[in-house]
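Worksheet: one structure, shown below.
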Amino acid sequence: AWFYSEGIITIFSAGQKQVIQPDQALKSITDLFVDREGTLWMGTDGKGIIKLRSTNMALLNSIDQKTVRGSSLTVHNDTVWFFNLPDNSLYRFYSGKFDKFHLPDEKLAAYNLYVLGKKIYLGTSDQLVCVEDKNDARLYRNPTVILKNNPSVRYGYGCASKDGILIQYAVENANNYMVIALKNDSIIMKQPLSYAADQMCFDRLGRMWIATRDSHLFAFTLNPLQPSKYLQLIEGYPKKLTALCPRCITVDTNYHIWIGTRFNGIYRYATTGNQLMPVAQYTTQNGLTDNFVYFLACDSNNTVWAGTQTG
């Protein structure tokens with residue numbers, strides 16, 4: 001049984017009680033129910049309808065009496081890793097258990113995490129460091145610096161390809177925008193971009209997609225046999241889109257491109273060759289909690305998840 005009152009969701013199941021205190025964005029819940037497929041539906045006052053496929057969930061706001069305020073999270077196989085800002089520590093969640101790895105250097109508050117084999121990489125706006133064995137707590141005391149702190153360079157989002165190549169967004173001297181490809185912790189190439197980018201993603205064919213803030217869409221194939229030309233711009237790109245002000249991007253299993261924007265919600269495009277065809281737009285008028293969408297992801301069930309500034 002589920003109950004909602006005064007901003008608190010209470011769940012009673014098998015004689016157990018669970019209390020969830022939603023984020024401020026969800027404190028306008030007006031109704032909720034669980035359908036026969038186990039999907040939770042929540043109606044809100046002015047924030048649309050929220051659909052959660054699983055009701056097996058919990059709100060994590062503390063671990064061992066330590067406040068949780070995660071700055072980055074990644075999933076590798078059956079293990080979840082996230083960085084917690086209040087205690088400057090990396091947490092590993094595996095088989096229902098949390099393990100903590102503390103970083104003494106408070107300047108290493110990570111906003112990006114990447115796992116490659118035994119290694120885990122932590123990225124900040126100033127540098128990228130690596131712990132050679134992610135399961136060895138001793139190595140967190142002195143991680144290896146991969147991209148050094150440089151006053152003229154700022155780093156942003158990044159990702160790891162299936163080839164084991166790290167791809168890191170960077171901006172030099174405030175106006176030279178690029179992505180950097182790293183193999184074995186060394187730079188193998190730099191690819192210029194037209195403007196700032198907040199997110200990149202891969203599709204099922206291994207192609208990489210980037211939408212920049214000036215509404216250009218870039219698509220690359222990956223060429224591991226020629227590291228110095230690892231990123232190959234696909235013919236017909238970049239494409240100039242309608243003024244979208246993109247902030248994030250993902251590609252679903254049908255090769256539809258989803259672009260989250262600063263002001264206008266989410267746009268979905270179908271692809272035929274190098275042609276883009278608008279399919280749909282999603283805003284607060286048809287379900288989003290906010291039209292400022294800053295993160296998108298597509299899971300293995302082909303469900304697209306959107307992060308907005310209000311939930």
Side-chain angles (χ1 to χ4, degrees), residues 1-3 8-23 25-26 34 37-40 42 50-124 128-144 146 157-162 164 166 295-301 303 305-307 311:
W2 293 64
F3 298 91
I8 298 174
I9 297 174
T10 305
I11 308 168
F12 294 94
S13 178
Q16 300 294 317
K17 176 182 176 181
Q18 180 184 358
V19 175
I20 299 177
Q21 292 182 297
D23 184 81
L26 300 185
V34 180
E37 295 179 350
T39 299
L40 172 65
M42 292 184 285
I50 298 164
K51 175 184 177 183
L52 295 174
R53 291 195 175 205
S54 173
T55 55
N56 182 21
M57 61 181 179
L59 180 66
L60 184 67
N61 51 29
S62 66
I63 300 175
D64 295 332
Q65 298 182 337
K66 297 288 186 182
T67 300
V68 171
R69 186 161 60 90
S71 58
S72 55
L73 179 149
T74 189
V75 179
H76 181 67
N77 297 329
D78 53 359
T79 304
V80 177
W81 298 82
F82 72 90
F83 193 87
N84 191 39
L85 290 173
D87 57 0
N88 213 68
S89 297
L90 192 67
Y91 283 82
R92 178 184 64 198
F93 182 72
Y94 174 73
S95 293
K97 177 187 175 184
F98 285 101
D99 294 296
K100 175 182 174 180
F101 303 89
H102 180 64
L103 283 88
D105 186 354
E106 294 186 358
K107 294 180 181 179
L108 289 179
Y111 288 89
N112 283 308
L113 292 175
Y114 324 100
V115 175
L116 283 178
K118 294 177 63 176
K119 297 180 178 180
I120 190 164
Y121 295 81
L122 298 90
T124 73
L128 178 69
V129 303
C130 172
V131 176
E132 297 292 331
D133 185 345
K134 60 185 179 294
N135 297 313
D136 189 338
R138 298 170 299 177
L139 300 181
Y140 286 81
R141 301 170 189 166
N142 190 26
T144 303
I146 306 302
Y157 185 83
C159 55
S161 73
K162 292 182 178 180
L166 285 181
F295 195 84
L296 288 171
C298 182
D299 66 20
S300 58
N301 295 319
T303 299
W305 296 79

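These numbers were taken from a predicted model, which means no experiment stands behind them. By convention here, the first residue in the shown sequence is residue 1.
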Answer yes or no: is there a side-chain heavy-atom contact under 4.5 Å between Asn112 and Tyr157?
yes
Mind checking whether Lys119 and Val131 have side chains closer than 4.5 Å, heavy atoms only?
no
Does the side chain of Arg92 reach to within under 4.5 Å of the side chain of Val80, using non-hydrogen atoms?
no
OG on Ser161 to OH on Tyr114, rounded to 0.5 Å
12.5 Å
Could you walk me through whether Tyr140 and Leu90 pass the side chain to side chain contact (heavy atoms under 4.5 Å, CB included) check?
CA-CA 9 Å; Tyr140 286 81; Leu90 192 67; 3.6 Å; yes
Could you report the tightest heavy-atom contact between Gly117 and His76, atom names first, then the distance?
O-NE2, 4.5 Å
Between Phe98 and Tyr91, what is the ring plane arrangement, given parallel below 30°, perpendicular above 60°, and tilted in between?
perpendicular
Contact check, side chains of Tyr121 and Leu128, non-hydrogen atoms, under 4.5 Å
yes
Answer yes or no: is there an ion pair linking Asp64 with Lys66, defined by an N-O contact shorter than 4.0 Å?
no
Please confirm whether the backbone N or O of Thr67 pairs with a side-chain atom of Asn84, one donor and one acceptor, at under 3.5 Å?
yes
Side-chain heavy atoms of Arg141 within contact of Asp105, under 4.5 Å
no
Starting from the C-alpha separation in whole Å, work towards a yes-or-no answer on side chain to side chain contact (heavy atoms under 4.5 Å, CB included) for Tyr94 and Trp81.
CA-CA 9 Å; Tyr94 174 73; Trp81 298 82; over 6 Å; no
Quick check: do Leu85 and Ser71 have side-chain heavy atoms less than 4.5 Å from each other?
yes
Quick check on side chain to side chain contact (heavy atoms under 4.5 Å, CB included): which of Leu108, Ile146, Leu103 does Leu122 satisfy it with?
Leu103
For residues Phe101 and Phe83, determine if any side-chain heavy atom of one lies less than 4.5 Å from a side-chain heavy atom of the other.
no
If you measure from NZ on Lys134 to CG on Leu116, what distance do you get to the nearest 0.5 Å?
9.5 Å
Does a side-chain heavy-atom distance below 4.5 Å link Thr74 with Ser72?
no
